[in-house]
Amino acid sequence: MTRYIRVYIRILKLNIAAMFAYRANFVNSILSSIGWSIVSISAIFLLTSRTSSIFGWSREELLLLVGVYNILNGFFVAFFARNFEKFSRIIHYAQLDSVLLKPADSQFLLSLSIFNIAGLARAMIGIIFTIYIVISLGLSISVGAFIEFVLLLLLSMVIFYSFWFLVLVPVIWFSNLTNLVDFLYVINNMGRYPSEILTSTHNLFLLLFIPLTLMASIPARVLLSKLTIHDLVVYLIIAFGLFFLSRKFYFFALKSYTSASS
Amino acid sequence: MRYAKILFLYFQEGIEQRARNFVYFLLSLFGPLVLILFWRGAHTSGNWNFSAITTYYLFFIIAGALLMAHIEDDVARIDIQEGSLVSYILKPFSYYWTKFFAELPWRVFQGFFGLITLFICIIFFKVHISIATSMFFIIATILSSFLAYILSFSFKMCLGLIALWTTDISGMYQFFDMLAFIFAGYIVPIYLFPHNLQVISYILPFAYMIYFPIAVLQGQLSTQQVLLFLGIQFGWVIIFYAIYTYLWKKGLHQFTGVGQ
């Protein structure tokens with residue numbers, strides 16, 4: 001474990017050095033990251049301008065949801081998103097050999113070798129906006145509730161990561177599907193909406209995406225004092241189940257990996 | 001005839017890359033689909049109804065797939081950054097029209113997937129679709145769709161050509177993507193925007209790339225409005241084609257291709 005921490009610290013140092021080497025790109029990434037968080041908040045303002053509530057969620061509660069989603073998405077972009085973008089290219093250009101041959105867990109190297117600091121800007125906007133909504137809703141958050149909120153955000157990150165990994169692993173078989181990452185960026189947006197948009201459909205295909213709609217709504221429920229023990233248990237099962245499944249699926253898929261002269 | 005050959009070649013590529021094509025279509029599908037699900041739970045207040053909103057987003061799936069060109073990455077990254085532009089310059093074809101006919105099959109395939117989705121919704125989910133039936137509106141829809149594709153294509157070509165100066169256009173691309181996300185009607189139909197935002201939307205070019213043909217087909221606009229907006233749309237086409245011509249002439253002097 002300490003070896004992996006040391007490796008990750010070295011990765012962070014390399015990424016920070018790269019950030020200073022490409023300053024224009026860094027500024028640009030920060031601006032677009034802030035821009036997208038503003039757009040996602042504006043989208044909820046526009047969507048709720050002609051309606052009083054959605055599936056029982058008031059406008060302010062939906063704004064809280066989008067704030068939490070921005071925190072989560074910001075950290076995801078910072079730690080994982082670029083790695084997944086690279087993952088499909090690595091497979092497509094048959095460069096996985098060099099990862100598999102290194103003396104470390106290949107899933108760790110594939111998932112954490114790029115750190116994108118621009119994502120933290122989005123997370124910061126999310127944090128500020130969430131605090132603003134919590135204050136304007138007059139919610140009182142106890143220390144216990146805050147710790148629960150942070151722990152649930154970590155669980156949400158596990159779900160976020162595992163879902164992306166699970167969807168991208170088939171690229172090992174179908175290497176030309178590099179655009180699956182673009183698809184994941186689109187379906188990610190489900191996280192901004194309450195899970196009821198899917199559960200109310202009773203459609204088996206759409207229910208597959210439920211983990212994405214729970215990622216922000218479960219931590220948001222803690223802040224709104226609406227979380228039940230039942231929600232918590234189901235969430236724990238989904239998080240650890242998805243992580244276990246994604247890891248097993250990855251190692252299963254690796255058996256079919258054939259390098260192409262890299 | 002020369003361009004017809006290019007078109008057929010890229011149709012073949014489109015068929016060969018059908019899985020990628022389908023994933024690209026899913027990008028156009030999921031955004032509007034999620035919004036339909038969102039509106040299902042909305043309490044009605046104001047001038048909208050669920051049937052009109054559903055029709056709008058279903059048409060948006062088709063229009064987003066069929067009319068919104070995605071050529072900018074090809075131009076900026078593959079042709080300019082990686083140097084493939086050299087092979088186009090040496091051939092006796094217009095770069096603009098070669099790219100136009102290379103992009104068209106991808107739009108047609110994805111638009112076709114969109115049509116299938118619409119029929120599935122009508123047949124299996126009994127979605128009621130309401131459209132304007134007068135001949136004027138149908139002709140105006142066809143005309144505005146044609147102009148919308150040329151407009152989005154010309155705009156994206158201009159965006160891609162900026163890479164001749166900057167090499168990396170990802171920042172600019174993100175910026176225009178954000179504007180389009182709001183002003184092209186991706187989130188909500190423009191007629192549901194607050195008044196000032198509606199005015200801005202009809203001045204900017206983004207609404208004319210996707211939203212306008214849908215609004216005409218749904219009968220959301222009066223005859224005078226349709227004629228006025230068709231004029232503005234045509235004006236934007238001329239402007240972006242002129243900008244493209246300027247960028248191409250000036251930018252080519254900036255280009256250095258090595259080893260092609």
Side-chain angles (χ1 to χ4, degrees), chain A residues 22 24-40 42-58 62 118 167 170 174 176-194 196-201 203 206 209 212-213, chain B residues 16-50 53 64 70 73 124-125 166-183 185-194 197:
Chain A
Y22 302 101
N25 186 48
F26 169 66
V27 173
N28 177 26
S29 307
I30 294 271
L31 289 177
S32 65
S33 204
I34 293 170
W36 275 113
S37 37
I38 293 169
V39 166
S40 76
S42 312
I44 297 296
F45 271 109
L46 277 174
L47 279 167
T48 52
S49 63
R50 303 281 174 158
T51 180
S52 51
S53 73
I54 307 280
F55 291 108
W57 289 67
S58 69
L62 286 168
V167 173
F174 311 104
N176 65 336
L177 289 182
T178 49
N179 55 352
L180 268 178
V181 177
D182 301 319
F183 173 63
L184 283 164
Y185 273 116
V186 171
I187 61 170
N188 244 5
N189 291 326
M190 285 185 185
R192 294 189 305 210
Y193 306 112
E196 288 87 344
I197 66 164
L198 297 182
T199 50
S200 64
T201 62
N203 181 302
L206 290 173
F209 299 96
L212 294 175
T213 59
Chain B
E16 185 196 332
Q17 300 273 343
R18 54 195 175 277
R20 265 178 83 78
N21 230 328
F22 183 69
V23 173
Y24 276 129
F25 165 68
L26 293 179
L27 307 186
S28 308
L29 171 72
F30 264 80
L33 183 68
V34 170
L35 289 167
I36 291 174
L37 299 175
F38 180 86
W39 284 101
R40 281 176 69 245
H43 278 244
T44 312
S45 66
N47 58 339
W48 66 273
N49 65 68
F50 183 65
I53 286 275
H70 294 287
D73 188 51
F124 294 106
F125 297 102
T166 61
T167 311
D168 181 12
I169 62 154
S170 57
M172 201 125 12
Y173 174 71
Q174 291 276 338
F175 176 70
F176 285 112
D177 224 20
M178 282 176 223
L179 289 180
F181 190 66
I182 294 175
F183 295 109
Y186 275 95
I187 305 167
V188 288
I190 289 171
Y191 67 86
L192 292 182
F193 279 14
L197 217 52

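Sequence lines set the chain letters: A, B, ... in the order given, protein chains first and strands last, and positions in each chain run from 1.
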Who wins among [options] for the most heavy-atom pairs under 4.5 Å with chain A?
options: B:L197, B:L26, B:I36, B:I182; answer: B:L26
options: B:M172, B:Q17, B:Q174, B:M178; answer: B:M178
options: B:F30, B:F22, B:Y186; answer: B:F30

With rounding to the nearest 0.5 angstrom, report the [atom1] to [atom2] distance, [X] to [Y].
X: A:Y185; Y: A:L180; atom1: OH; atom2: CG; value: 13.0 Å
X: A:T213; Y: A:L206; atom1: OG1; atom2: CG; value: 10.5 Å
X: A:N188; Y: A:F183; atom1: CG; atom2: CZ; value: 10.5 Å
X: B:D177; Y: A:S32; atom1: CG; atom2: OG; value: 10.5 Å

Whether A:S37 side chain and A:S33 backbone form a donor-acceptor pair below 3.5 Å: yes

Donor-acceptor under 3.5 Å (A:R50 side chain, B:L192 main chain): yes

Can you tell me which portion of [X] sits under 4.5 Å from chain A's heavy atoms? Options are side chain, backbone, both or neither.
X: B:F175; result: neither
X: B:L27; result: both
X: B:F193; result: both
X: B:V188; result: side chain
X: B:L29; result: neither
X: B:L33; result: side chain

Most chain B-contacting option - heavy-atom pairs closer than 4.5 Å, from A:I38, A:N189, A:N176: A:N176

Max heavy-atom pair count under 4.5 Å with chain B, selected residue of A:V27, A:T178, A:L177, A:L47: A:L47

Please flag which part of [X] lies under 4.5 Å from any non-hydrogen atom of chain B: side chain, backbone, both or neither.
X: A:F209; answer: side chain
X: A:I187; answer: side chain
X: A:L184; answer: neither
X: A:N179; answer: both
X: A:S29; answer: neither
X: A:L198; answer: side chain

Under 3.5 Å side-chain donor-acceptor pair for B:R40 and A:S200: yes

Aromatic centroids of A:Y193 and A:F55 separated by under 6.0 Å: no

Aromatic ring proximity A:W36/B:F181, centre distance under 6.0 Å: yes

Test item: A:E196 and A:I54 side chains (from C-beta on) under 4.5 Å apart, heavy atoms: no

Closest non-hydrogen atom pair, A:S40 against A:R192: CB-NH1, 3.4 Å

